[in-house]
Number of protein chains: 2
Amino acid sequence: MEVSKAFGIALRKLRISKGLTQEQLGFEADLRRTFISSLELGEKKPSLETIYQLAIALDLPMSRLLKLVEKEIEISKK
Amino acid sequence: MEVSKAFGIALRKLRISKGLTQEQLGFEADLRRTFISSLELGEKKPSLETIYQLAIALDLPMSRLLKLVEKEIEISKK
DNA sequence: TTGTAGACTTCAGTCGACT
DNA sequence: AAGTCGACTGAAGTCTACA
């Protein structure tokens with residue numbers, strides 16, 4: 001599984017768990033809604049800056065966010 | 001402190017601790033030496049893909065790499 | 001509320017050469 | 001062994017609009 005796919009899945013799970021719409025998350029992270037959509041679908045890969053902004057908006061450390069991404073990759077291997 | 005600066009510092013510390021040159025790390029991560037240099041100096045920001053490749057080359061999880069980046073940010077705050 | 005599409009701008013990442 | 005510079009290409013991220 002590609003990293004971008006895993007990132008998208010983790011991002012969506014986190015967003016939903018916080019009860020946010022793509023629009024709301026985009027507002028918090030200062031990113032466009034359409035771009036959040038692309039990220040969740042694994043169509044685009046975030047830069048370090050974007051990962052940082054999303055982590056803050058989702059109220060967790062970048063390391064925790066990437067840990068969840070790693071878990072998605074693990075799951076897909078089984 | 002900017003995220004890219006913190007990333008550069010963490011990256012350099014890790015590379016040195018592994019006893020690698022920029023050239024060698026670049027070979028392992030499939031990235032050019034000049035780009036590794038730019039990253040370590042905080043002049044450019046890596047994409048998720050690049051973070052992934054560097055983590056593998058440095059033999060640690062992405063989450064651990066970003067944890068070290070967070071530590072650099074913390075240190076700079078004190 | 002989310003996906004998609006096209007056109008656009010900015011910057012990640014390459015390449016070659018020199019210090 | 002590492003920094004820098006200029007020119008380049010592809011992809012990150014924006015914007016508008018519609019299903």
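Order of the sequence lines fixes the chain letters, A, B, ..., with proteins taken first and strands second; residue numbering starts at 1 for each chain.
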Inset, instruction - With a 3.5 angstrom cut-off on both distances, give the Watson-Crick or G-U wobble partner of D:dA1, or none if there isn't one. - result: none

Inset, instruction - May I have the distance from A:Q22 (atom CD) to C:dT4 (atom P), rounded to whole angstrom? - result: 11 Å

Inset, instruction - Find the distance between CD (A:E74) and CD (A:E72) and round it off to the nearest 0.5 Å. - result: 10.5 Å

Inset, instruction - To the nearest Å, give me how far apart CD1 (B:I36) and C1' (C:dG13) are. - result: 11 Å

Inset, instruction - Answer with yes or no whether B:R32 presents, from its side chain, a donor or acceptor under 3.5 Å of a partner atom in the base of C:dG16. - result: no

Inset, instruction - Under 4.0 Å between any heavy atoms, over every strand shown, what does B:L41 touch: base, sugar-phosphate, or nothing? Just pick one. - result: sugar-phosphate

Legend entry - Atom-to-atom span, NZ of A:K45 to P of C:dA12 - whole angstrom: 16 Å

Inset, instruction - Return no unless some side-chain N or O of A:S37 is found under 4.0 Å from OP1 or OP2 of C:dG3. - result: yes

Inset, instruction - Using side-chain contact (heavy atoms from CB on, under 4.5 Å) as the criterion, point out the one residue from A:M1, A:K71, A:E40 that pairs with A:I9. - result: A:M1

Inset, instruction - Could you tell me whether the side chain of A:K18 and the main chain of A:L58 form a donor-acceptor pair under 3.5 Å? - result: yes

Legend entry - Short side-chain N/O contact to D:dT16 OP1/OP2 from A:T34, under 4.0 Å: no

Inset, instruction - Ignoring backbone atoms, establish whether A:Q24 has a side-chain N or O less than 4.0 Å from OP1 or OP2 of C:dT1. - result: no

Legend entry - Gap between atoms CG and C1', on B:L39 and D:dA2 respectively (whole Å): 14 Å

Inset, instruction - Let me know the distance between CD of B:E43 and C1' of C:dA12, rounded to the nearest Å. - result: 13 Å

Inset, instruction - Evaluate the side-chain proximity of B:L48 to B:M62: yes if any heavy-atom separation is below 4.5 Å, no if none is. - result: yes

Legend entry - Whichever of B:R33 and B:S47 has its nearest DNA chain C nucleotide further upstream toward 5': B:S47

Inset, instruction - For the side chain of A:K44, starting at C-beta, report the closest nucleotide among C:dG3, D:dG13, C:dA12. - result: D:dG13

Inset, instruction - Figure out the CZ/P separation between B:F35 and D:dG3, and round it to whole Å. - result: 14 Å

Inset, instruction - Ignoring backbone atoms, test whether A:T50 places a side-chain nitrogen or oxygen under 4.0 Å from the OP1 or OP2 oxygen of D:dG13. - result: yes

Inset, instruction - Spell out, yes or no, whether B:V3 and B:L41 are grouped together once hydrophobic residues are joined by side-chain heavy atoms under 4.5 Å, including indirect joins. - result: no

Inset, instruction - Give a yes/no on whether any side-chain N or O of A:R15 is located under 4.0 angstrom from OP1 or OP2 of C:dT2. - result: yes

Inset, instruction - Using the closest heavy atom to pick a nucleotide of DNA chain C for each, name whichever of B:D30 or A:T21 lands nearer the 5' end. - result: A:T21

Inset, instruction - For A:E23 and C:dT1, give me the distance from atom CD to atom P, rounded to whole Å. - result: 8 Å

Inset, instruction - Specify the separation, in whole Å, of atom CD of A:Q53 and atom C1' of D:dT14. - result: 13 Å

